[in-house]
Amino acid sequence: MVKICCIGAGYVGGPTMAVIALKCPEIEVVVVDISEPRITGWNSDRLPIYEPGLDDVVKQCRGRNLFFSTHVERHVGEANIVFVSVNTPTKTRGLGAGKAADLTYWESAARMIADVSRSDKIVVEKSTVPVKTAEAIEKILVHNSRGVRYQILSNPEFLAEGTAIKDLFAPDRVLIGGRETPEGRAAVKALRDVYAHWVPDDRIITTNLWSAELSKLAANAFLAQRISSVNAISALCEATGADVAEVANSIGKDSRIGPRFLSASVGFGGSCFQKDILNLVYICECYGLPEVATYWRQVIRINDYQKSRFVNRVVSSMFNTVAEKKVAVLGFAFKKDTGDTRETPAIDVCKGLLGDKAVVSIYDPQVTEEQVQRDLAMNKFDWDHPRHLQPMSPSGKKQVAVSWDPYETARGAHAVCILTEWDEFRRLDYKRMYDAMQKPAFLFDGRNVVDPDKLRQIGFVVYSIGKPLDDWLKNMPAAAT
Ligand SMILES: NC(=O)c1ccc[n+]([C@@H]2O[C@H](COP(=O)([O-])OP(=O)(O)OC[C@H]3O[C@@H](n4cnc5c(N)ncnc54)[C@H](O)[C@@H]3O)[C@@H](O)[C@H]2O)c1
Ligand SMILES: O=c1ccn([C@@H]2O[C@H](COP(=O)(O)OP(=O)(O)O[C@H]3O[C@H](CO)[C@@H](O)[C@H](O)[C@H]3O)[C@@H](O)[C@H]2O)c(=O)[nH]1
């Protein structure tokens, strides 16, 4: 019986392995992690991550051929195929700080694999890593091998949060990179056979190792670049009276451009886009390609610009000060259908408002008060380390409150900011909200989920990203930087 062990029971390791276990009943899959609370969560009725459809998949195979354990070394030692899906955060110190990937967790996983292995293994890079990481990993494994033979494969993950199960069931493609040797090709075939249980043959792409590693960074850079492109256009729309939704619809009809990933927003968030682009920028700099590095860095600059532009709009519209004014924030997760807040634009927006002394009240259907307080207290990039290594949450910020009721959140507020596109925000009773707010009541829609004309009829002063401006906003001085 083939045994798979995955190191790292996070957003990728958990769902990916659950789907492999479901689709391959004859394979034993064990997901291991150093974090005890995470493993306890995976073994309980309340899984540690929220992902539509995940509960169902886990329930079907947990205890059958899917197991979650903290006995990392034992299960790695017994496995034929070891996936590594640990954190690869941005370095915060030393060479490449603020850009390069920190491979500490990867390296320690590789050293542990070498320590405990007594039989040949296929080691699969599931984490997103810089190009040429496989070479470094190979060196660690081979130098400590004691006769055990390893094949390293790159098998980057392309799932998006909120749709992880759907993406894993029907991936656009599965990418497997390996060495172009007989042993390398045999390892690629072994992994291909796993995916072939449910993924059509023409959707499984095999490449050399470096193409697979680079394809992951390039895919994220291209996706993020589309969002920064439409967001850059959104600023021009506001200046000219064009409507970004109409522009996006018009250009998306061109089959060469396509309609997806063209929604203007307060900015992209999530654990991957910024980290992976910074990583790409650093690699380009290391290979002496400063023009290429600058090109990709601009995607992040526009994203930062979009978030600060939003905060400036809020403050300048409200008579240039939000000091002591209650501002209600609807949505804190980085996108709908997830409780994940890593790099969510809501953090930067809230910090911007708090910097101007606003009193911020937050509602998100999936994010707890503890998480919000941690996020607002944490330094950049601290979030992407295993939980037990993150700084402890200091006593909560007094200017921030979190409620489980959107109407309570907005009661007495001067403004509402929509920062996540949860479907329920389209159906809220905005008249009820308006009636309980200070006047003039402002609504800043960072996700274009409400109909601005309907809300104007209720009485709100409305700002929607990239849409023709409200008369109120037109008459305000242009937002300073
Ligand atoms: N989140 C996504 O949507 C997504 C999608 C594609 C790729 N990725 C990439 O996948 C990787 C993992 O991302 P994630 O979102 O699952 O992260 P995560 O933080 O949710 O999970 C990583 C897990 O690894 C564990 N870990 C770290 N070092 C360990 C060790 N030495 N031994 C055992 N466990 C260890 C941590 O405790 C943590 O639970 C990253 O490289 C990320 O860039 C993420
Ligand atoms: O038109 C759009 C689409 C997305 N977003 C935002 O962009 C961010 C990222 O969204 P999405 O890509 O859907 O979620 P992720 O889970 O971050 O997934 C991305 O990052 C993963 C980690 O590498 C990859 O595996 C996925 O393929 C890639 O889509 C979120 O804040 C979205 O709100 C927009 O602002 N406008």
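Both ligands and their constituent atoms are indexed starting at 1 by order of listing. Since the structure is predicted, the reported quantities are computational estimates derived from the model, not experimental observations.
Considering only non-hydrogen protein atoms, atom 21 (C) of ligand 2 sits nearest to L159 O, 3.5 Å. Nearest protein heavy-atom contact of atom 22 (C) of ligand 2 is C272 SG, 2.5 Å. Protein heavy atom nearest atom 1 (O) of ligand 2, with residue, atom name and distance: S263 N, 2.9 Å. Regarding atom 31 (O) of ligand 2, its nearest protein heavy-atom neighbour is F334 O, 2.8 Å. Here the heavy atom of the protein found nearest to atom 19 (C) of ligand 2 is F273 CE2, 3.5 Å. Atom 16 (O) of ligand 2 has E161 N, 2.8 Å as its closest protein atom, hydrogens excluded (heavy atom only). From the protein, the heavy atom lying nearest to atom 10 (O) of ligand 2 is K335 CD, 4.1 Å.
Near C272, the atoms of ligand 1 lying under 4.0 angstrom from a non-hydrogen atom of the residue are 2 (C), 4 (C), 44 (C). Atoms of ligand 1 lying under 4.0 Å from any heavy atom of V86, numbered from 1 in the order shown and given with element: 11 (C), 12 (C), 24 (O), 26 (N), 27 (C), 28 (N), 29 (C), 35 (C), 40 (C), 41 (O). Applying the 4.0 Å criterion to heavy atoms of E157 picks out, from ligand 1, the atoms 6 (C), 7 (C). Near L262, meaning under 4.0 Å from any of its heavy atoms, are these atoms of ligand 2: 1 (O). Ligand-side atoms of ligand 2 in range of K216: 22 (C), 23 (O), 24 (C), 25 (O), range being under 4.0 angstrom from any heavy atom. Each of the following atoms of ligand 1 lies closer than 4.0 Å to a heavy atom of T88: 40 (C), 41 (O), 43 (O). Of all the atoms in ligand 2, the ones that sit under 4.0 Å from a non-hydrogen atom of G269 are 8 (C), 9 (C), 30 (C), 31 (O). Annotation for ligand 1: atoms under 4.0 Å from non-hydrogen atoms of I7 are 32 (N), 33 (C), 34 (N). Heavy-atom proximity to G10, at under 4.0 Å, picks out these atoms of ligand 1: 16 (O), 18 (P), 20 (O), 21 (O). In the vicinity of V12, heavy-atom distances shorter than 4.0 Å reach the ligand 1 atoms 2 (C), 4 (C), 5 (C), 6 (C), 7 (C), 8 (N), 10 (O), 16 (O), 44 (C). Every atom of ligand 2 is numbered from 1 in the order shown, and the set under 4.0 Å from a heavy atom of S265 is 34 (C), 35 (O). Of all atoms in ligand 1, listed by their number and element, those nearer than 4.0 Å to a heavy atom of S108 are 31 (N).
Contacts between R226 and ligand 2 below 4.0 angstrom, taking non-hydrogen atoms only, are absent altogether. With a 4.0 Å cut-off on non-hydrogen atoms, E51 does not touch ligand 1 at all. Under 4.0 Å from ligand 2, the heavy atoms of L223 that appear belong solely to its side chain. With a heavy-atom cut-off of 4.0 Å, P156 does not touch ligand 1 at all.
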Side chain to side chain contact (heavy atoms under 4.5 Å, CB included) between R62 and F67, intermediate numbers included: CA-CA 6 Å; R62 191 173 55 194; F67 304 91; over 6 Å; no

Chi angles and distances behind the salt bridge (charged side-chain N to carboxylate O under 4.0 Å, His left out) call for E157, K216: CA-CA 8 Å; E157 185 48 60; K216 174 64 195 177; over 6 Å; no

Test side chain to side chain contact (heavy atoms under 4.5 Å, CB included) applied to T70 and V32, step by step: CA-CA 5 Å; T70 49; V32 295; over 6 Å; no

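What you find for G162 and E51 is that their closest heavy atoms are N-OE2, 2.6 Å. Smallest separation of non-hydrogen atoms from D348 and V311: O-CG2, 4.4 Å. Closest approach of R146 to S117, counting heavy atoms only: NH2-O, 4.0 Å.
At under 3.5 Å, a nitrogen or oxygen of D33, whether backbone or side chain, sits near a nitrogen or oxygen of ligand 1. Note: an N/O pair closer than 3.5 Å links K275 and ligand 1 by distance alone. Every N/O-N/O distance between A160 and ligand 2 stays at or above 3.5 Å. Distances between N or O atoms of S35 and those of ligand 1 include no value under 3.5 Å. Residue contacts with ligand 2: I227 is placed with no nitrogen or oxygen under 3.5 Å of a nitrogen or oxygen of the ligand (distance criterion only). Residue contacts with ligand 1: Y11 is placed with a nitrogen or oxygen under 3.5 Å of a nitrogen or oxygen of the ligand (distance criterion only).
Ligand 2 lies out of reach of R260, whose nearest heavy atom is not under 4.0 Å from it. Ligand 2 lies less than 4.0 angstrom from a heavy atom belonging to R447. Residue-ligand proximity: V72 is placed with every non-hydrogen atom at 4.0 Å or more from ligand 1. For the pair M112 and ligand 1, no heavy-atom separation below 4.0 Å is found.
I283 has its side chain out of reach of L214: every pair of non-hydrogen atoms, C-beta onward, lies at least 4.5 Å apart. In this structure, R309 and E238 have side chains that are in contact, with non-hydrogen atoms separated by less than 4.5 Å.
The option from D337, V230, N220 that lies nearest to atom 23 (O) of ligand 2, judged by heavy atoms, is N220. Nearest residue to atom 12 (O) of ligand 2 from Y11, F158, F268, F261 is F261 (criterion: closest heavy atom).
The aromatic rings of F444 and F310 sit perpendicular, their planes meeting at an angle over 60°, well past the 30° parallel limit.
A cation-pi contact links K23 to F169, judged by a cut-off of 6.0 Å to the six-membered ring centre and 45° from its axis. Cation-pi geometry between R173 and F158 is met: the NZ or CZ atom falls under 6.0 Å from the ring centre, inside 45° of the normal.
The neighbour count for D45 CG, taken as heavy atoms of other residues, nucleotides or ligands under 6.0 Å away, does not exceed 12. At most 12 non-hydrogen atoms from other residues, nucleotides or ligands lie less than 6.0 angstrom from NE2 of H71. The environment of K132 atom NZ is dense: over 12 non-hydrogen atoms of other residues, nucleotides or ligands sit within 6.0 angstrom.
Using modelled atom types and a 3.5 Å distance limit, the side chains of K99 and N279 yield no donor-acceptor pair. S119 and K121 are linked by a side-chain donor-acceptor pair at a separation below 3.5 angstrom, with hydrogens and angles left out of the test. For the residue pair T90/Q274, the side-chain donor-acceptor check at 3.5 Å is not satisfied. Between the side chains of N87 and W106, no donor N or O sits under 3.5 Å from an acceptor N or O.
Ion pairing of R374 with E369 is absent here, as no side-chain N (NZ or NE/NH1/NH2) approaches a carboxylate O to less than 4.0 Å.
Residues W296 and Y282 keep their aromatic ring centres 6.0 Å or farther apart.
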